[in-house]
Amino acid sequence: DIAFKWDTTAIVPLWKGPKYRLLGDPKILVPPRDNTSMHPDLIKAAFTEMAQKYKIHSCVMDMSKAEDIAHWVEDELKIQVWDHPNGNNQHVADYNAVMGGLRNKTLKHTGDPDLRAHALNAIARRLPGGDHRFDRPVESRRSVGQQNRRVIDGLTATAMAVEFSERMKP
């Protein structure tokens with residue numbers, strides 16, 4: 001989940017085995033939050049670090065505001081990038097994938113404190129029709145002080161990866 005100004009960028013590795021999936025320790029980048037943007041090279045360095053730590057064959061991300069990063073990941077790191085559409089239907093699928101994995105104990109994690117904080121910040125927002133999606137507890141950025149309570153980007157990146165892993169061929 002890529003962001004540049006207020007929300008964090010979160011890169012969450014996911015290992016898929018025959019009986020369960022394991023979330024690795026994420027890389028969470030906090031932008032300046034002073035209305036300037038985080039430099040894209042910081043995000044590229046985080047991806048490079050992950051690629052050195054793990055054998056990565058796929059990356060799923062919302063490319064709408066990060067096409068240049070996605071192309072860089074493909075060109076420089078030789079990792080296939082899959083676009084993750086942004087919309088309620090996809091967010092519902094993401095929510096269902098994570099919650100299903102937690103319920104049936106096929107989704108495990110290392111206990112990383114940053115990922116835990118992002119998950120605990122999130123709420124399950126009920127949509128018209130009864131479906132749910134993960135959402136921020138506070139929609140507006142009234143003050144920079146509340147921004148840490150708003151961040152759920154680690155969970156968002158997790159949900160993207162988990163849902164994608166369910167659609168991926170074994």
Practice task
Any pair with a residue in residues 49-93 that passes ring-ring contact (aromatic ring centres under 6.0 Å, His included), sequence neighbours left out, goes on the list, sorted by first then second residue, please.
Solution key: Trp82-Phe164
N/O donor-acceptor pairs under 3.5 Å from side chains in residues 17-31, not counting sequence neighbours:
{"unit_1": "Arg21", "atom_1": "NH1", "unit_2": "Val162", "atom_2": "O", "d": "3.4"}
{"unit_1": "Arg21", "atom_1": "NH1", "unit_2": "Ser165", "atom_2": "OG", "d": "3.1"}
{"unit_1": "Asp25", "atom_1": "OD1", "unit_2": "Thr110", "atom_2": "OG1", "d": "2.4"}

Answer yes or no: is there a donor N or O on one side and an acceptor on the other, between the side chain of [X] and the main chain of [Y], under 3.5 Å?
X	Y	result
Lys105	Leu102	no
Asp131	Leu127	no
Glu74	Val81	yes
Arg133	Val92	no

Distance check, rounded to the nearest 0.5 Å: [X] atom [atom1] versus [Y] atom [atom2]?
X	Y	atom1	atom2	result
Leu14	Cys59	CG	SG	12.0 Å
Ile69	Thr9	CD1	OG1	8.0 Å
Asn88	Arg125	CG	CZ	10.0 Å

Practice task
Check whether the side chains of Asp94 and Gln90 place a donor and an acceptor atom closer than 3.5 Å, and report yes or no.
Solution key: yes
Problem - Side chains of Arg150 and Asn121, donor plus acceptor under 3.5 Å - result: no
Problem - Heavy atoms from other residues, nucleotides or ligands near CG of Asp83 exceed 12 (cutoff 6.0 Å) - result: yes
Problem - Enclosure of Lys65 NZ (heavy-atom neighbours >12, cutoff 6.0 Å) - result: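 For Lys65, atom NZ is not crowded (no more than 12 foreign heavy atoms under 6.0 Å).
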Problem - For Asp153, all residues meeting side-chain hydrogen bond (donor to acceptor under 3.5 Å, both in side chains), sequence neighbours excluded - result: Thr8, Arg136
Problem - Residues that Asp114 engages under side-chain hydrogen bond (donor to acceptor under 3.5 Å, both in side chains), provided they are two or more places apart - result: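 Asp114 satisfies side-chain hydrogen bond (donor to acceptor under 3.5 Å, both in side chains) with no other residue.
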Problem - Closest heavy-atom pair and its distance - Asp112, Leu115 - result: OD2-N, 2.9 Å
Exercise for the section: Give the minimum heavy-atom separation between Ala157 and Ala10, together with the two atoms involved. Expected result: CB-O, 3.5 Å
Identify all side-chain donor-acceptor contacts of residues 40-52 below 3.5 Å with residues at least two apart in sequence or on another chain.
{"unit_1": "Thr48", "atom_1": "OG1", "unit_2": "Lys44", "atom_2": "O", "d": "2.9"}

Practice task
Could you tell me which residues satisfy ring-ring contact (aromatic ring centres under 6.0 Å, His included) with His132, sequence neighbours excluded, listed by chain and number?
Solution key: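 So His132 forms a ring-ring contact (aromatic ring centres under 6.0 Å, His included) with Tyr95.
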